[in-house]
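Residue numbers run from 1 in the order of the sequence given.
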Amino acid sequence: MTNVSPQTKINKIVSLCKRRGYVFQSSEIYGGLKSSYDFGHLGVELKRNIADLWWQDLVHRRDDMVGFDAAIIMHPKVWQASGHLDGFSDPLVDCLDCKQRFRADKAPRHPAGATITYQVKNMEVEGKVAACGYVCPYCSSPRLGDERQFNLMFQTNLGAVNPVQDLLNAISSDDTLTLATIRQRLRKINKGSAVYLRPETAQAMFVQFMNVLQTTSKKPPFGIAQIGKSFRNEIVTEHFIFRACEFEQMEIEYFVPPDSWRKWLDYWCEQRLNWYRGFVNQPDNFRLRQHEEDELAHYAQACYDIDFKFPWGWDELEGIASRGDYDLNCHQRLSQTKLSYFDNQAGKRYLPYVIEPSAGLTRCVLAVLLDAYEESKGIDSHGREKTRVLLKLSPRLAPIKAAFLPLVKDEGQIKLARHLADSCRQQGVHVAYDDNQSIGKRYAKHDEIGTPFAITVDTQSCQDGLVTVRDRDTTTQTRMAGEAAVAKVVSCSSNLR
């Protein structure tokens, strides 16, 4: 079986997601909303399966981890303490030729003063690279506007009355309002009612650290785990669901004694890389990369990325950082609330250091689909060339674990197929019953959506109870009892392979 080329793979994934019900463009009937996506009946199952696997492995199977689910809107002082209000921004630049906006830190680099050739309205022109040392990533023009800091947080107002709209009404009806008065009222609005959609899930776990500590009787090293939505007003959204303004994170804040942070950082790097490699077909497409000194966030002692080899190159799936005591210290200082831990054995109090494995759930969905997608060429029964599309998903992650298919629409076959499907459902396994189209087309459809097993009921099945179990990956067919087929589906659904 051969893989498709990297250049076309992402386009094929986008097409499959729309065609089969994995991912849709949000608000599509109104022209869509850029960088916003809805997960269809298969996409939501895949996303939930990844999240459930993460939760089971990181929370339920460990004694040193507890779960958490925080509010999306928090007190503005949370973001003041964390530095997001003042420092959570990207450098925004406008290209003076193509009029596109982009992030300066992601733009192609060139030596300052170098002469480059680029195109403007299908004409080749020359220009010199400015002192900033980069050009437009869309048209390569060196003619750029000044850098501006663009805050990534979504701002809204809490309360029944919108004070911004009140101010706009006042401006339109009162010509005597001065610019100074308008500015003063805007500052008051920002101070009084402005709140933000969280740009990350981490901060609530720091703010609630003491409550979790006291109600669980945990002691360092221990972790708080959370899965939830975050929102970032990205300058550039790209690569389908890889970078969007609304996304989901699977995040851990692991609190450790200060002198043990290096050991636990190494531990979590190994654990998290092996977790991804445990349910994919091409584990070498996942790697661990250490951040260079100039990449480190101001609070980080060290940081690693788990990268996946996307069609456009290596890119981040998960960051694993040692944040030191930066966050607890900031919140303790601003709130004037003690967030330290007293170690009875050592007889001392300290602020724990934090190791943070932060994974993108939405990005993981895309990586899993790319890893699973395969194509192969073959010949159909009429001697024509055909392409077989296969999503080689782990049975644990597959949206539908098995499809129960009556060979023809016969009352006995339908009854038996539905009975076996219901037996799986009663054991908590998501399966499908399907009697539309020919059996060959049904096989092809379930190969394409990643269903591990197709279980066919025929005339003989109604007499001896035996069904045909077709394996998605090998296409081999095995005859077995219907109850055994159900047991096989249930067993495989609870294992990675």
Side-chain angles (χ1 to χ4, degrees), residues 54-55 57-71 74-75 77-84 87 198-228 230 249-272 275 290-291 296-306 318-359:
W54 186 90
W55 196 264
D57 286 347
L58 276 300
V59 180
H60 290 174
R61 291 180 178 149
R62 300 182 66 104
D63 188 46
D64 60 347
M65 197 78 67
V66 296
F68 190 72
D69 186 12
M74 302 171 67
H75 196 289
K77 284 190 175 181
V78 171
W79 309 114
Q80 180 184 340
S82 67
H84 284 81
R198 66 185 182 194
E200 62 179 33
T201 61
Q203 293 304 316
M205 292 183 270
F206 300 126
V207 172
Q208 297 288 4
F209 167 72
M210 192 55 65
N211 280 332
V212 173
L213 192 68
Q214 292 170 348
T215 55
T216 63
S217 300
K218 296 292 183 185
K219 60 181 182 180
F222 84 98
I224 303 175
Q226 180 174 197
I227 299 175
S230 296
Q249 292 179 283
M250 304 181 294
E251 200 156 43
I252 293 169
E253 305 305 328
Y254 198 76
F255 301 90
V256 304
D259 58 0
S260 66
W261 71 267
R262 184 77 244 185
K263 177 185 78 172
W264 288 108
L265 178 63
D266 293 340
Y267 168 85
W268 280 111
C269 284
E270 180 182 10
Q271 289 290 310
R272 297 303 301 135
W275 185 80
Q290 184 174 6
H291 280 209
L296 288 175
H298 63 279
Y299 54 76
Q301 298 162 294
C303 186
Y304 292 81
D305 281 347
I306 293 177
E318 176 167 346
I320 306 167
S322 175
R323 300 178 71 112
D325 63 1
Y326 173 82
D327 300 277
L328 290 178
N329 197 18
C330 288
H331 289 298
Q332 179 174 258
R333 187 168 58 249
L334 186 62
S335 69
Q336 297 185 343
T337 301
K338 189 178 290 185
L339 297 177
S340 57
Y341 169 75
F342 184 76
D343 188 332
N344 286 309
Q345 283 188 320
K348 64 178 182 180
R349 182 175 294 277
Y350 62 83
L351 280 175
Y353 278 25
V354 175
I355 308 301
E356 180 190 71
S358 178

> Any side-chain heavy atom of Tyr350 within less than 4.5 Å of one from Pro258?
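They are in side-chain contact.
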> Specify the closest pair of heavy atoms between Asp343 and Gln345, including all atoms of both residues, with the distance to one decimal.
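Reported closest heavy-atom pair: OD1-N, 3.0 Å.
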> Please check: side-chain N/O of Lys219 versus main-chain N/O of Phe342, any donor-acceptor pairing under 3.5 Å?
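Checking the backbone N and O of Phe342 against the side chain of Lys219, no donor-acceptor pair under 3.5 Å is found.
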> When you compare the side chain of Asp64 with that of Tyr254, does any pair of heavy atoms fall below 4.5 Å?
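Yes, close enough: below the 4.5 Å cut-off.
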> Minimum heavy-atom separation for Ala70 to Gln226, with atom names?
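That would be N-OE1, 2.8 Å.
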> If I compare all heavy atoms of Leu58 with all of Arg272, which pair ends up nearest, and what's the gap?
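So the minimum-distance heavy-atom pair works out to CD2-NH1, 3.8 Å.
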> So, do Phe255 and Leu328 sit near enough that their side-chain heavy atoms are less than 4.5 Å apart?
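Heavy-atom side-chain distance check passes, below 4.5 Å.
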> For the CZ atom of Phe222 and the CG atom of Asp63, what is their distance to the nearest 0.5 Å?
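Those atoms lie 12.0 Å apart.
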> For the atom pair NZ (Lys263) and OG (Ser260), what is the distance rounded to the nearest 0.5 Å?
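Those atoms lie 5.5 Å apart.
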> How about Glu318 and Asp305: do any of their side-chain heavy atoms sit closer than 4.5 Å?
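Glu318 vs Asp305: side chains apart.
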> Verify side-chain contact (heavy atoms from CB on, under 4.5 Å) between Ile252 and Met65, making sure each step is shown before the conclusion.
CA-CA 9 Å; Ile252 293 169; Met65 197 78 67; 3.9 Å; yes
> Looking only at heavy atoms, what is the nearest atom pair of Ile224 and Met205, with distance?
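Taking Ile224 first and Met205 second, the nearest heavy atoms are O-SD, 3.4 Å.
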> Verify side-chain contact (heavy atoms from CB on, under 4.5 Å) between Val66 and Val59, making sure each step is shown before the conclusion.
CA-CA 6 Å; Val66 296; Val59 180; 5.9 Å; no
> If you take all heavy atoms of His331 and Ser82, which pair is closest and at what distance?
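His331 and Ser82 have their closest heavy atoms at CE1-N, 4.3 Å.
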> Report yes if the side chains of Glu251 and Pro357 come closer than 4.5 Å at any heavy-atom pair, otherwise no.
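No. Closest side-chain heavy atoms not under 4.5 Å.
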> Contact between Lys338 and Arg349 at the side-chain level, heavy atoms closer than 4.5 Å - yes or no?
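Sidechains of Arg349 and Lys338: in contact.
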> Would you tell me whether Ser230 and Glu200 have side-chain atoms, one donor and one acceptor, within less than 3.5 Å of each other?
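The criterion, which ignores hydrogens and geometry beyond distance, is not satisfied for Glu200 and Ser230.
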> Answer whether the closest heavy-atom distance between the side chains of Trp79 and Arg198 falls below 4.5 Å.
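They are in side-chain contact.
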> Quick one: CE on Met210 to CG on Leu213, what's the gap to the nearest 0.5 Å?
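Met210 atom CE to Leu213 atom CG measures 5.5 Å (nearest 0.5 Å).
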> How close do Asn211 and Thr215 get, heavy atom to heavy atom, and via which atoms?
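Scanning both residues, the minimum pair turns out to be O-OG1, 2.7 Å.
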> Kindly indicate whether the side chain of Val256, heavy atoms from C-beta on, has any atom under 4.5 Å from the side chain of Tyr267.
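When only atoms from C-beta onward are counted, Tyr267 and Val256 do not touch, as no gap falls below 4.5 Å.
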> Working note: His60 + Trp55, criterion side-chain contact (heavy atoms from CB on, under 4.5 Å); need CA distance, chi angles, decisive distance, verdict.
CA-CA 7 Å; His60 290 174; Trp55 196 264; 3.3 Å; yes
> Quick one: pull up SG in Cys303 and CD1 in Ile355 and give me the separation to the nearest 0.5 Å.
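Rounded to the nearest 0.5 Å, the SG-CD1 separation comes out at 10.5 Å.
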> Between Gln332 and Leu339 (side chain of the first, backbone of the second, donor and acceptor by atom type, cut-off under 3.5 Å), is there such a pair?
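Between the backbone of Leu339 and the side chain of Gln332 there is a qualifying donor-acceptor contact (under 3.5 Å).
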> Write out all pairs satisfying side chain to side chain donor-acceptor pair (under 3.5 Å) with one or both partners inside residues 321-330, taking only residues at least two apart or from two chains.
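Matches after skipping sequence neighbours: Gln203-Asp327, His298-Tyr326, Gln301-Ser322, Arg323-Asp327, Arg323-Glu356.
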